[in-house]
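Chain naming here is simple, since letters A, B, ... match the order of the sequence lines and numbering starts at 1 in each.
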Amino acid sequence: MSGKELPKSYEPKSVEERWYAFWLEKGYFHADENAGGEPFSIVIPPPNVTGSLHIGHALNSTLQDILVRWARMSGRNTLWVPGTDHAGIATQNVVERQLTKEHIDRHALGREKFIEKVWEWKKVYGGRIISQLKRLGASCDWQRERFTMDEGLSRAVREVFVALYEEGLIYRGERLINWCPRCHTALSDIEVEHEDEKGKLYHIAYPLSHDHNIRLTVATTRPETMLGDTAVAVHPLDPRYKDLIGKTIDLPLTARRVPIIGDSVLVDLEFGTGAVKVTPAHDFNDYEAGQRQVPPLPLISILNEKAEIVPDIPDINPDVRKQIAWKPAKKARGIVVEMLKEQGFLVKTEDHSHSIGKCYRCKTIVEPHLSPQWFVKTVSLAQPAIKVVEEGKVQFYPKGWENTYFDWMRNIKDWCISRQIWWGHRIPAWYCKKCDNGILENSIGVGGVGEASAIPSGEENTTTIAINATPIVQREEPRKCPRCGSTEFIQDPDVLDTWFSSALWPFSTLGWPDKTKELASYYPTSVLITSFDIIFFWVARMIMMGLYCMKEAPFRHVYIHALVRDAEGLKMSKSKGNVIDPLVMIDQYGTDAFRFTLTAFAAQGRDIKMSTERIEGYRNFANKIWNASRFVLMNLEQDFVPNVELLTKDTSLADRWILSRMNTMSKNIQQALADYRFNDMASSLYQFIWHEYCDWYLELSKPALNQERGSASRSAAQTVLAHVLETSLRLLHPIMPFITEEIWQSLPEKVRARGRGARGKGESIMVSSYPIADEKVINAEIEQDMQMVMDIILAIRNIRGEMNIAPSMQINANVKVETEELGEHLQKSSSYVMTLSRLKELRIGVEERKPKSAATGVIKGAEVYVPLEGLLDLTQERDRLQKEIAKISKDIDIFFKKLSNKDFVEKAPKAVVEKDTSKLEEFKVKRDKLERSLKMLG
RNA sequence: GGGCGGAUAGCUCAGCUGGGAGAGCACAGCCCUUACAAGGCUGGGGUCACAGGUUCGAUCCCUGUUCCGCCUACCA
């Protein structure tokens, strides 16, 4: 009786669901921290709770799953920690938008209620991305799923904050920071995206105070900020202006008189007019230039938190004020320019392109904004983090990213960690209501003149704490003020940058600050798999925090994977409508095909251009495996017992060849995985399974399989066939987990048993052992011998094709070999040649001569002749070919001449020319073919 | 401005330490041969961007040039 029957083509849907449930139920994903053994651990880059699975996650998770499954099958104590990130600003924005739809205002709702809403939202939607990972087949330890705002992780955050504060590595300061006027919060430097935009460069003439007829012209892209100017700067060595330093100008549109200062850093002699307006409250360079002055230049803030002009700019002319107050900065620009023009101060306007900073969450133009914020002092944290990479304790793949890392780390600036939003880890700092009373009451509006009116007053959750208040920083809310003993406190309203908690992820998820068994077993993790765009946001900060808290870097390797783009190479985005949805792909082609596609394209250092055609190609591969397995199963009895001894004995050439090839592949795969060359792994498997196992070995084994049941040759073929399939499935499993499990489970028990892992006892391929190459079986000589057999078969098939000999027609072939030895080798394999090239008779020898009428094929070490007598009349055939060649040559000449004629090409309709061109090509191809056939006839 | 990466068949890309130019898709011809038409067999197609250099030998190493991406920066 033949073996188990499989359906004719692979149907992924039911298979995937069934096996994922099975794996979960068996608990294969769960890691046992007490199990011992060499650990292998990965923490997932936690996706935002707001997210839904996009193709980048799919790639990222597939690669992690490959490593994790590989490690697990290789017997390592394997843990993959999943989880999600609370994504402060992003999530707050999402929920806020949802509330707006319900006509609810966040401020009206109040802080506590709003946070409750966010948690509700998280409960409903926060698990979405996680469940999508399951469809991808991700073998995460779901029992250890974490969220960055879990109690444990929040405790870790407070612990680190307090420790850093106590060491002076966290401080509060009033600085010019990046401010998003839409999100109403500070941003760190890297949260600002720069984009080049076309703008104007305005030249404005400022009249000198002592003689209004003399004017100093400045150039600016932001004329509206002139209302906040507190100086004009020139280069101290500029012969044009250096004598003006120390004098003053009268600022147009205001009653303000500001000094002309010299600053060699701020002013570039070559650029613009050589004179720069200085607005310290609205430009980072100007701010620094202002600080360089003794005494420092005053700061005049002219914008509120929504980037609108404040109504009470000092010294402003009343009529100007009337027109401009409360206008958004961009509108104010037009108004100011118009007024300057009217009053004759605008000299000229030029086109000018420059980069503009935008909020990475909402793309709003970011404004420099003076305000009290919390910062991490990064220099001393960065030093050891640079060192571990320099010393190779942390290695990047591909290595080139280390430069990017060094570049940033060596120029690192202090990290602004406070955010003026509500969703996130509240900063563990409190202020005594009694000691800081006055400061708290009057604190609103600190950071710039005129901001007070922009902030709804009186609510705790929008209070700005003055910079001179004294924070009490500790893990829990203080009971008693250490200074006055008062028991009433106000907590700092700010929350922490989302990336602060992400930075702790590799150890906070394992139970830190407690000394857990998990930390001991799995920290540091083995490898981090992520994308280059968060090297600064996340990778660098994890290394700093890992070293600070754990005294050891959080991972040994960092694999930076490609960015997935669309077929045209454009970034996928919803607005472009070019997004490929992983879930749709999975529905359409199956998870395995999708995963294989991602893997096959995951070459290091290059972006992936994704298209459905490619996935389709690998869907076909899945189907190929399926059908090959069907064939094998048809030829195996369900109670089949492999004759294992045969595998090490002298078996047929084909058997030894496929075993040698398989072990070669297996060796390549081990190396590829160790080097994170995922694409090499995929192509090795593809090439071997399809083009060696299916195309050749399956065909070669057919004669043996047709032998009597129980015969030695049949048994050997069955054994090798099953063994190679079973091993290939295990090799493939990390990439294609579902189909491999489905087929593997259908194999006869004794075949499966060969791959049995210690843990699984043969009940799942997931816990079987990962194949290790047996180098003894790799045999170059065998591979060479087989290559010759294949070459001869190919040569004969080639002749058949060129001569148009029907596949069903049996023919003869003679092979003239160069040496007797080769002849003997070939003789042994003659049945392969007979079968695969459908021969009636095959003669092999050194003495063979070319028959009178025969086609010839030349290969390494031999010549192949196919006598054509009786098949076709040679002289007649030759005549026919020659005639056809002559005829087609004439046509070619005609077309060639026609197309060489300039007049024709230029004047004839395009379509006609194109048609003729392609015809010419077609003729040429035909002639080539005829010539080849003629040549073959000799 | 600085840095990184890319340029190989019509398209998308492999090609790891210098010696064979490759794969998939597309294309052409022949085949429904009982694993698979989502398939089989066969075939056409490339000045490895350009110019120099090193070498017995260069797609690969070095120098320069051009074009295309990306990252980064305080170019008012």
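For the salt bridge (Lys or Arg N to Asp or Glu O under 4.0 Å) test, residues two or more places apart in sequence or in another chain that qualify with A:Lys399 are A:Glu402. With sequence neighbours excluded, the residues forming a salt bridge (Lys or Arg N to Asp or Glu O under 4.0 Å) with A:Lys702 are A:Glu699, listed by chain and number. Taking the ring-ring contact (aromatic ring centres under 6.0 Å, His included) definition, one finds that A:Tyr206 meets it with nothing, sequence neighbours left out. Partners of A:Tyr686 according to the ring-ring contact (aromatic ring centres under 6.0 Å, His included) rule, which considers only residues two or more places apart in sequence or in another chain, are A:Tyr618, A:Phe621, A:Trp690.
Distance check on atom P: B:A76 versus B:C16 gives 43 Å, rounded to whole Å. Rounded to the nearest Å, the gap between the C1' atom of B:C31 and that of B:G24 is 22 Å. With P as the reference atom, B:A9 and B:A14 are 12 Å apart, rounded to whole Å. If you take atom C1' in B:A26 and the same atom in B:G44, they sit 13 Å apart, rounded to whole Å. B:U59 and B:G18 are spaced 10 Å apart, taking the C1' atom of each and rounding to whole Å. When the P atom is compared between B:A58 and B:U72, the two are found 40 Å apart, to the nearest whole Å. Here the separation of B:C4 from B:G64, taken at their P atoms, is 12 Å to the nearest Å. The same atom, C1', is picked in B:C56 and in B:C50; the two are 26 Å apart, to the nearest Å.
Computed from coordinates, the A:Leu633 CG to B:A35 P distance equals 13 Å when rounded to whole Å. Atom CD1 in A:Ile535 sits about 19 Å away from atom P in B:G3, given to the nearest Å. Rounded to an integer number of Å, the gap from CZ of A:Arg800 to P of B:G40 is 18 Å. A:Glu616 places its CD atom 15 Å from the P atom of B:A37, with the value rounded to the nearest Å. Between A:Ile560 atom CD1 and B:C71 atom C1' the separation is 13 Å, expressed in whole Å. Atom-to-atom, CD of A:Glu699 to C1' of B:U34 comes out at 12 Å; the value is rounded to the nearest Å. Rounding to whole angstrom units, NZ of residue A:Lys348 and P of B:A76 are separated by 16 Å. Distance CD1 (A:Ile534) to C1' (B:C71): 15 Å, rounded to an integer number of Å.
The residue A:Leu794 sits close only to the backbone: its heavy atoms come under 4.0 Å of sugar-phosphate atoms, none of a base. Across all strands, A:Gly274 comes closer than 4.0 Å to base atoms (heavy-atom distances). Nucleic acid contact class of A:Ala275 (heavy atoms, under 4.0 Å, all strands): base. Among the protein residues, A:Phe271 comes within range of the nucleic acid bases, having at least one heavy atom under 4.0 Å from a base atom.
Ion pairing of A:Lys860 with A:Asp791 is absent here, as no side-chain N (NZ or NE/NH1/NH2) approaches a carboxylate O to less than 4.0 Å. Taking the charged nitrogens against the carboxylate oxygens, A:Arg222 and A:Glu224 do have a contact shorter than 4.0 Å, which makes a salt bridge.
Using a 4.0 Å cut-off, some side-chain N or O of A:Asn798 falls inside it from OP1 or OP2 of B:G43. For A:Lys8 and B:C36, the shortest distance from a side-chain N or O to OP1 or OP2 is below 4.0 Å. Taking side-chain N and O atoms only, A:Arg797 has a distance below 4.0 Å to OP1 or OP2 of B:U42. Contact annotation: A:Lys702 side-chain N/O to B:U34 OP1/OP2 distance is not under 4.0 Å.
Heavy atoms of other residues, nucleotides or ligands lying less than 6.0 angstrom from NZ of A:Lys358 number more than 12.
Aromatic rings from A:Tyr10 and A:Trp626 are positioned such that their centres are separated by under 6.0 Å.
With hydrogens and angles left out, the side-chain atoms of A:Thr217 and A:Lys348 include no donor and acceptor closer than 3.5 Å.
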What dot-bracket string describes RNA chain B from 5' to 3', counting Watson-Crick and G-U wobble pairs whose defining distances are under 3.5 Å, with [ ] for crossing pairs and | for pairs to another strand? (((((((..((((.....[..)))).(((((.......))))).....(((((..]....))))))))))))....
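The closest side-chain heavy-atom distance from A:Thr612 to A:Gln588 is not below 4.5 Å. Proximity of A:Met634 to A:Arg630: side-chain heavy atoms (C-beta onward) are separated by under 4.5 Å at one or more points.
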Classify every nucleotide of nucleotides 14-32 of chain B by which part a protein heavy atom approaches to under 4.0 Å, writing B for the base, S for the sugar-phosphate alone and - for neither, in 5'-to-3' order. S---------S--------
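Across the interface with RNA chain B, nearest-nucleotide mapping of A:Leu201 and A:Asp407 shows A:Asp407 to be the residue nearer the 5′ end.
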